[in-house]
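Excluded from the calculations below are hydrogen atoms, water molecules and symmetry mates; all remaining heavy atoms, backbone and side chain alike, are included. Numbering of ligands and ligand atoms starts at 1, following listing order.
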Amino acid sequence: MTTPFRRITDIGPVYGKRVLVRVDFNVPIDAATGEITDDSRIQGSLPTLDALVEQGARVIAVSHRGRPKGPSAKDSLAPVVAYLQKLRTYPVKLTGEARSDEAVQAVEALQPGELLVLENLRFDPGETANDPELARRLASFADLYVNDAFGTSHRQHASIVGVPKYLPAYAGELMAEELDHLDRVLAHPTRPYWAIIGGAKVSDKVKLLSRLLELVDGIIIGGGMANTFLAAQGYSMGASLVEEGVIPEATRLLEQAQAKGVTVVLPKDVLVAKEFRADTPYRAALVTDIHADEMALDIGPRTVETIIAALQPAQTVLWNGPMGVFEFEAFAQGTIQVAQALAALNVSVVVGGGDSVAAVSKAGVKDKMTHISTGGGATLRYLEGEELPGIQALRQPAEA
Ligand SMILES: Nc1ncnc2c1ncn2[C@@H]1O[C@H](COP(=O)(O)OP(=O)(O)O)[C@@H](O)[C@H]1O
Ligand SMILES: O=C(OP(=O)(O)O)[C@H](O)COP(=O)(O)O
Ligand SMILES: [Mg+2]
């Protein structure tokens with residue numbers, strides 16, 4: 001498929017030009033140690049950033065991290081900037097938010113061959129609200145815009161769809177590579193084709209499952225996502241993460257799957273605990289036996305066996321969303337065992353999502369996967385078949 005948008009290879013000479021690059025630096029960070037637990041998204045952005053810096057552009061990188069409600073030290077991009085500076089010899093600097101005087105001055109002072117990172121875009125509510133004023137501010141910093149944030153290109157946010165209205169816009173290396181890989185592996189999947197869906201962004205991702213059910217032969221639902229489906233089936237989920245508002249949609253999806261003959265695997269047993277913390281006591285419980293004060297934090301051993309058995313005939317697997325709170329050792333086994341089983345299958349496996357990739361890396365099997373994608377929700381949205389808003393925006397002529 002020829003891509004109808006401009007790629008960074010079409011950009012021409014950039015020496016001295018200011019280039020605003022939207023990256024996805026939304027990397028998982030261990031709350032206890034402050035360590036970046038998976039750097040795939042940082043590594044993924046390097047081909048584009050390096051190419052621009054090495055050609056002498058003045059590079060301004062912008063990203064969100066987390067879902068902060070206003071400025072918070074916890075969600076600062078400072079650890080990412082420190083990490084980047086360790087990886088690279090060219091100067092990498094952090095400045096304030098887009099609408100701060102500090103940022104204006106830092107952009108003004110930026111020299112060819114330097115990289116400046118603005119503070120977390122979501123500290124400013126204008127980012128998620130797609131505020132044109134914020135988009136114009138960001139555009140005012142640069143001559144050219146590059147979107148390399150595949151993982152966020154399903155969002156109608158100012159830095160994704162707003163800025164390219166005002167600047168000549170290009171897809172970065174990572175963006176182009178992600179689209180090529182997804183097309184190669186998933187446009188005509190070898191069957192049986194299975195999806196594994198988990199994680200915590202339940203209402204976001206439930207919306208994207210209807211189309212997926214039309215594409216796959218079977219679907220495994222685990223992690224936080226499973227709780228809402230189990231609740232839809234009438235199980236009492238106690239204090240588990242359940243999004244009540246999407247229970248009707250979950251019920252409809254289960255009916256759709258049945259009508260289509262798509263196999264659905266839901267947990268039979270789960271690990272439950274009374275508190276959401278690493279060292280909490282826990283027990284394995286059947287989904288029929290979750291007490292009111294307990295929450296499901298991982299799939300149980302019987303479910304792991306069922307999933308591994310279900311996956312044996314699969315020839316293509318798409319995985320987004322961990323099977324449990326894998327960040328806590330006690331609740332990592334479900335995710336790790338599924339990851340290891342996939343690695344042993346020797347079939348086409350695409351794993352996508354900031355946290356899923358961290359989990360597969362923790363399981364030690366990242367190298368065994370056919371494609372590791374930096375996008376979770378973005379990958380699911382891409383598979384719906386319509387162009388991602390961030391890609392669509394690259395095709396519009398700039399308004400000036
Ligand atoms: N049963 C559960 N209850 C609460 N959170 C869960 C559960 N299972 C998984 N999670 C959480 O889901 C998060 C990842 O979800 P999500 O962002 O949707 O995935 P990805 O980044 O791979 O797209 C992880 O931080 C993990 O701790
Ligand atoms: O981490 C992300 O997506 P993912 O959790 O689906 O992999 C992206 O950075 C998008 O973040 P958002 O879902 O808060 O818009
Ligand atoms: Mg995530």
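Checking only distances, Gly66 never comes within under 3.5 Å of ligand 2, N or O to N or O. By the 3.5 Å distance cut-off applied to N or O atoms, His154 is not counted among the residues near ligand 2. The shortest N or O to N or O distance between Thr374 and ligand 2 is not under 3.5 Å.
Atom 15 (O) of ligand 1 has Ala200 N, 3.0 Å as its closest protein atom, hydrogens excluded (heavy atom only). The protein heavy atom nearest to atom 5 (N) of ligand 1 is Val325 CG2, 3.7 Å. Looking only at heavy atoms of the protein, atom 22 (O) of ligand 1 is closest to Ser356 OG, 2.5 Å. Summary of contacts: the protein heavy atom closest to atom 17 (O) of ligand 1 is Asp355 OD2, 3.1 Å. At the shortest separation from atom 8 (N) of ligand 1 among protein heavy atoms lies Gly224 N, 3.1 Å. For atom 6 (O) of ligand 2, the closest heavy atom belonging to the protein is Gly377 N, 2.8 Å. Looking only at heavy atoms of the protein, atom 11 (O) of ligand 2 is closest to His64 NE2, 3.3 Å. Among all non-hydrogen protein atoms, the one lying nearest atom 9 (C) of ligand 1 is Gly324 O, 3.2 Å.
Of all atoms in ligand 2, numbered sequentially from 1 with element shown, those under 4.0 Å from a heavy atom of Arg67 are 12 (P), 13 (O), 14 (O). Close contacts between ligand 2 and Arg155 involve ligand atoms 12 (P), 13 (O), 15 (O) [criterion: under 4.0 Å to a heavy atom]. Taking every heavy atom of Asp24 and a limit of under 4.0 angstrom, the matching atoms of ligand 2 come to 8 (C), 9 (O). Near Ala296, with a cut-off below 4.0 Å to any heavy atom, the atoms of ligand 1 are 1 (N), 2 (C), 3 (N). If you number the atoms of ligand 2 from 1 as listed, the ones under 4.0 Å from a heavy atom of Thr152 come out as 9 (O). Every atom of ligand 2 with a heavy atom of Gly353 under 4.0 Å away is listed here by number and element: 7 (O). The contact set between ligand 2 and Gly376, taken as ligand atoms under 4.0 Å from a residue heavy atom, comprises 6 (O), 7 (O). Contact atoms of ligand 2 toward Arg122: 11 (O), 12 (P), 14 (O), 15 (O) (distance under 4.0 Å to a heavy atom of the residue). Less than 4.0 angstrom separates some heavy atom of Gly151 from each of these atoms of ligand 2: 8 (C), 10 (C). The atoms of ligand 1 that sit less than 4.0 Å from any heavy atom of Gly354 are 21 (O).
Ligand 2 lies out of reach of His157, whose nearest heavy atom is not under 4.0 Å from it. Within the structure, ligand 1 lacks Met295 among the residues with a heavy atom less than 4.0 angstrom away.
Annotation: protein N, O or S atoms under 2.8 Å of the Mg ion (ligand 3) (waters excluded) comprise Asp355 OD2.
Using modelled atom types and a 3.5 Å distance limit, the side chains of Asp24 and Thr152 yield a donor-acceptor pair. Thr379 and Asn320 are not linked by any side-chain donor-acceptor pair at a separation below 3.5 angstrom, with hydrogens and angles left out of the test.
Between the CZ atom of Arg18 and the CG atom of Leu144 there is a distance of 12.0 Å, given to the nearest 0.5 Å. Atom NE2 of His64 and atom CG of Asn26 lie 3.5 Å apart (nearest 0.5 Å).
Checked for salt-bridge contact, Arg252 and Glu255 miss the test: no charged N lies under 4.0 Å from a carboxylate O. The pair Asp204-Arg67 counts as a salt bridge, with a side-chain nitrogen and a carboxylate oxygen less than 4.0 angstrom apart. Salt bridge annotation for Lys260-Glu214: present, with a cationic side-chain nitrogen under 4.0 angstrom from a carboxylate oxygen. Electrostatic pairing of Arg58 and Asp143 does not count as a salt bridge here, judged by no charged N lying under 4.0 Å from a carboxylate O. In this structure, Arg137 does not pair ionically with Asp131, as no charged nitrogen and carboxylate oxygen lie closer than 4.0 Å. A salt bridge between Glu127 and Arg22 is present, with a side-chain N of the basic residue lying under 4.0 Å from a carboxylate O of the acidic one. At a threshold of 4.0 Å, the pair Glu305-Arg302 does not count as salt-bridged, since none of the basic side-chain nitrogens sits closer than that to a carboxylate oxygen. Taking a cutoff of 4.0 Å between a charged side-chain nitrogen and a carboxylate oxygen, Arg122 and Asp75 do not qualify as a salt bridge.
If you check each of Glu327, Lys201, Lys205 against atom 19 (O) of ligand 1, the one with the closest non-hydrogen atom is Lys205. Across the listed options Arg381, Lys201, Lys205, Arg65, Lys201 owns the non-hydrogen atom lying nearest to atom 3 (O) of ligand 2.
Each of Val21, Val19, Thr48 was checked for a side chain to side chain contact (heavy atoms under 4.5 Å, CB included) with Ile8, and the lone residue meeting it is Thr48. Checked against Trp194 for a side chain to side chain contact (heavy atoms under 4.5 Å, CB included), the options Ile219, Leu318, Val265 give a single hit: Val265.
Residue contacts with ligand 1 for Asn320 involve side-chain atoms from C-beta outward but no N, CA, C or O (heavy atoms, distance under 4.0 Å).
In this structure, the side chains of Glu178 and His181 stay at 4.5 Å or more apart for every pair of heavy atoms. By the 4.5 Å heavy-atom criterion applied to side chains, Val360 and Leu342 are not counted as neighbours. Looking only at side-chain heavy atoms (C-beta outward), Ile60 and Leu118 come within less than 4.5 Å of each other.
A continuous path of ILVMFWY side-chain contacts below 4.5 Å connects Val14 to Val23, so both sit in one hydrophobic cluster.
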